[in-house]
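Report on the structure given below.
For ligands, and for the atoms within them, numbers begin at 1 and follow the listed sequence.
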Amino acid sequence: MKTIIIKDLEQFDQATRIIREGGLVAAPTETVYGLCANALNETAVGNIFKAKGRPNDNPLIVHIADLDMLYKLVTEVSPIAQKLIERFWPGPLTLIFKAKSIVPRAVTAGLDTVAVRFPSHPLMQKLIKDSGLPIAAPSANTSGKPSPTNMQRVFEDMDGKIDCIIDGDSSEIGVESTIVDTTGDIATVLRPGGITYEMLEEVLGKIAIDPAITNTLKEGQKPKAPGMKYTHYSPNADVFIIKNSSAYFDVAHHNMFGDLDNLREHLTTLVNEAHEHNKKVGILATDETKHLFDADLVLSAGTESDLQTISAHLFEVLRSFDDNGIDIVYSLAFPKKGLGVAIMNRLEKSAGYHFITI
Ligand code: TXA
Ligand code: MG
């Protein structure tokens with residue numbers, strides 16, 4: 001299949017036509033690029049799973065561009081959902097509702113609920129509005145890889161497998177939307193993302209957090225978002241998260257990584273050990289710390305003074321280590337506050353929960 005790339009608005013109608021005709025279009029959103037199809041066309045949705053190599057039991061998020069579309073898809077909008085919609089839509093928040101039967105099984109993976117998001121990105125909104133259709137869209141990566149935050153990474157994974165890619169800017173937030181289940185008595189976060197716990201609590205008071213996020217699932221217990229059980233966001237390199245046990249004392253002194261001399265010393269030892277085994281080593285650091293370290297490739301994800309710069313570049317940095325043939329990545333651990341929760345959730349998954357505590 002020849003994948004066409006749309007670079008300006010004059011060609012945009014082609015993308016709209018492809019969606020209407022049941023094809024696949026990758027489009028930018030404020031979180032990550034999405035792989036879009038008509039959510040009401042079972043065959044088109046099935047092709048999303050094929051292009052990504054995605055397991056069929058992992059349901060998709062349906063994207064809308066006005067609230068009329070929501071009422072066509074869901075049986076009930078609870079008071080919790082209403083509050084969240086008023087405050088955070090359009091934006092990086094996905095809500096779980098009871099689904100109407102119009103939503104195909106391929107989208108819900110057989111659940112009686114459906115995930116819906118109203119994205120803020122103007123090109124994604126235009127695709128939904130111009131086609132007049134709700135759009136099912138997972139992240140536009142090959143299943144298991146870090147999600148793409150720019151058109152080049154979509155091209156690497158999807159060229160020849162989908163009809164079209166819409167070229168937009170790099171995604172502003174860089175990690176996927178927060179998912180909140182609104183079908184129960186209390187709002188439950190199923191995946192942390194751009195809308196933080198603090199922001200949700202400000203609107204709702206109390207929230208619950210699915211144990212899949214805190215990695216405290218008991219045996220036999222399943223995450224409520226089926227996708228949370230898969231290994232994810234993994235570059236080819238083996239990722240390890242360096243936990244500095246002194247960091248928690250140092251947050252008060254505006255140093256999120258604790259005793260930096262200690263950190264540097266341990267990392268030097270780890271890099272030397274890896275070199276003895278002929279491994280190429282990368283370090284994932286910040287603008288403030290990258291000069292401290294020596295390895296085959298030291299990359300900063302962003303500045304500690306603005307965690308959104310770090311979420312925005314996280315997946316791109318992970319993919320860059322692969323571009324450079326890095327075998328082992330040591331990553332600093334960010335404090336789990338604000339966007340730090342979503343950043344660490346993605347990092348922990350990309351590391352397969354491998355930590356080194358120093
Ligand atoms: O930011 C985002 O949400 C991006 C952009 C493209 O909008 N999309 C995205 O989709 O991250 P995906 O497919 O990579 O992740 C969807 C997640 C999966 O973990 C899936 O299990 C969960 O949403 N999900 C979908 N429907 C669900 C449902 N009815 N109940 C619980 N979880 C659901
Ligand atoms: Mg994904």
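- Remark: side-chain polar atoms of Lys72 are not paired, donor with acceptor, to backbone N or O of Lys100 under 3.5 angstrom.
- Formation of a donor-acceptor pair under 3.5 Å by the Asp327 side chain with backbone atoms of Lys280 is found in this model.
- Backbone or side-chain N, O or S atoms of Ser139 reach the Mg ion (ligand 2) at under 2.8 Å.
- Of the protein's non-hydrogen atoms, Ile61 CD1, 3.6 Å is the one closest to atom 16 (C) of ligand 1.
- Against a heavy-atom cut-off of under 4.0 Å, Leu111 is close to the following atoms of ligand 1: 28 (C), 29 (N), 30 (N).
- Of all atoms in ligand 1, listed by their number and element, those nearer than 4.0 Å to a heavy atom of Ala225 are 21 (O), 31 (C), 32 (N).
- A donor-acceptor pair under 3.5 Å links the side-chain atoms of Ser311 to the main chain of Ile173, judged by distance alone.
- Side chains of Ile4 and Gln14 form a contact here, defined as non-hydrogen atoms less than 4.5 Å apart.
- Close contacts between ligand 1 and Ile179 involve ligand atoms 17 (C), 22 (C), 23 (O) [criterion: under 4.0 Å to a heavy atom].
- Not close to ligand 1: Thr108, with no non-hydrogen atom less than 4.0 angstrom away.
- Look at Pro119 and you'll find every heavy atom at least 4.0 Å from all atoms of ligand 1.
- Ligand-side atoms of ligand 1 in range of Ser177: 1 (O), 2 (C), 3 (O), range being under 4.0 angstrom from any heavy atom.
- Between Glu176 and ligand 1, no N or O atom pair is found at a separation short of 3.5 Å.
- For Asp57, the CG atom sits in a packed shell: over 12 heavy atoms of surrounding residues, nucleotides or ligands are nearer than 6.0 Å.
- With Gln11 contributing its side chain and Asp8 its backbone, the two residues share a donor-acceptor pair below 3.5 Å.
- The distance from ligand 1 to the heavy atoms of Arg54 drops below 4.0 Å at these ligand atoms: 12 (P), 13 (O), 14 (O).
- Remark: Glu156 engages Arg153 in a salt bridge, criterion side-chain N to carboxylate O under 4.0 Å.
- Of the protein's non-hydrogen atoms, Thr31 OG1, 3.5 Å is the one closest to atom 5 (C) of ligand 1.
- At a 4.0 Å heavy-atom cut-off, ligand 1 touches His63 through the side chain alone.
- Applying the 4.0 Å criterion to heavy atoms of Ala115 picks out, from ligand 1, the atoms 25 (C), 26 (N), 27 (C), 29 (N).
- In the model, Arg191 has a side-chain atom that pairs as donor or acceptor with a side-chain atom of Ser177 under 3.5 Å.
- In terms of polar-atom proximity, Gly227 is counted as a contact of ligand 1, with an N or O under 3.5 Å from an N or O of the ligand.
- Between Pro59 and Pro226, the closest side-chain pair of non-hydrogen atoms falls below 4.5 Å.
- Under 3.5 Å, the side chains of Thr303 and Glu288 contain a donor-acceptor pair of N or O atoms.
- For ligand 1 and Asn58, the ligand atoms under 4.0 Å from any heavy atom of the residue are 18 (C), 20 (C), 21 (O).
- Contacts of Thr113 with ligand 1, taken as heavy-atom pairs under 4.0 Å, involve both backbone and side chain.
- Of the N and O atoms on the side chains of Ser120 and Gln125, not one donor lies less than 3.5 Å from an acceptor on the other residue.
- In this structure, atom 27 (C) of ligand 1 lies nearest to the protein heavy atom Pro59 CG, 3.5 Å.
- Ring geometry, Tyr330 versus Phe240: the interplanar angle falls from 30° to 60°, so the pair is classed tilted.
- In terms of protein heavy atoms, atom 30 (N) of ligand 1 is closest to Ile96 CD1, 3.5 Å.
- The shell of residues lying under 4.0 angstrom from ligand 1, judged by heavy atoms, excludes Met124.
- Nearest to atom 8 (N) of ligand 1 by heavy atom, out of Ala137, Gly34, Gly174, is Ala137.
- An N or O contact shorter than 3.5 Å is missing between Tyr33 and ligand 1 by distance.
- Every side-chain contact (heavy atoms from CB on, under 4.5 Å) that Ala115 has, sequence neighbours left out, goes to Ile61, Thr94, Ile96.
- Lys224 O, 3.2 Å is the protein heavy atom nearest to atom 31 (C) of ligand 1.
- Any N or O atom pair closer than 3.5 Å counts here, and Ser139 shares at least one such pair with ligand 1.
- For Arg319 (side chain) and Asp323 (main-chain N/O), no donor-acceptor pair under 3.5 Å exists by modelled atom type.
- When hydrogens are left out, the protein atom nearest atom 10 (O) of ligand 1 is Pro138 CA, 3.4 Å; that is the closest non-hydrogen contact.
- Nearest protein neighbour of atom 15 (O) of ligand 1, counting heavy atoms only, is Arg191 NH1, 3.1 Å.
- Side-chain N or O atoms of Asn41 include one that pairs as donor or acceptor with a backbone N or O of Thr43 at under 3.5 Å.
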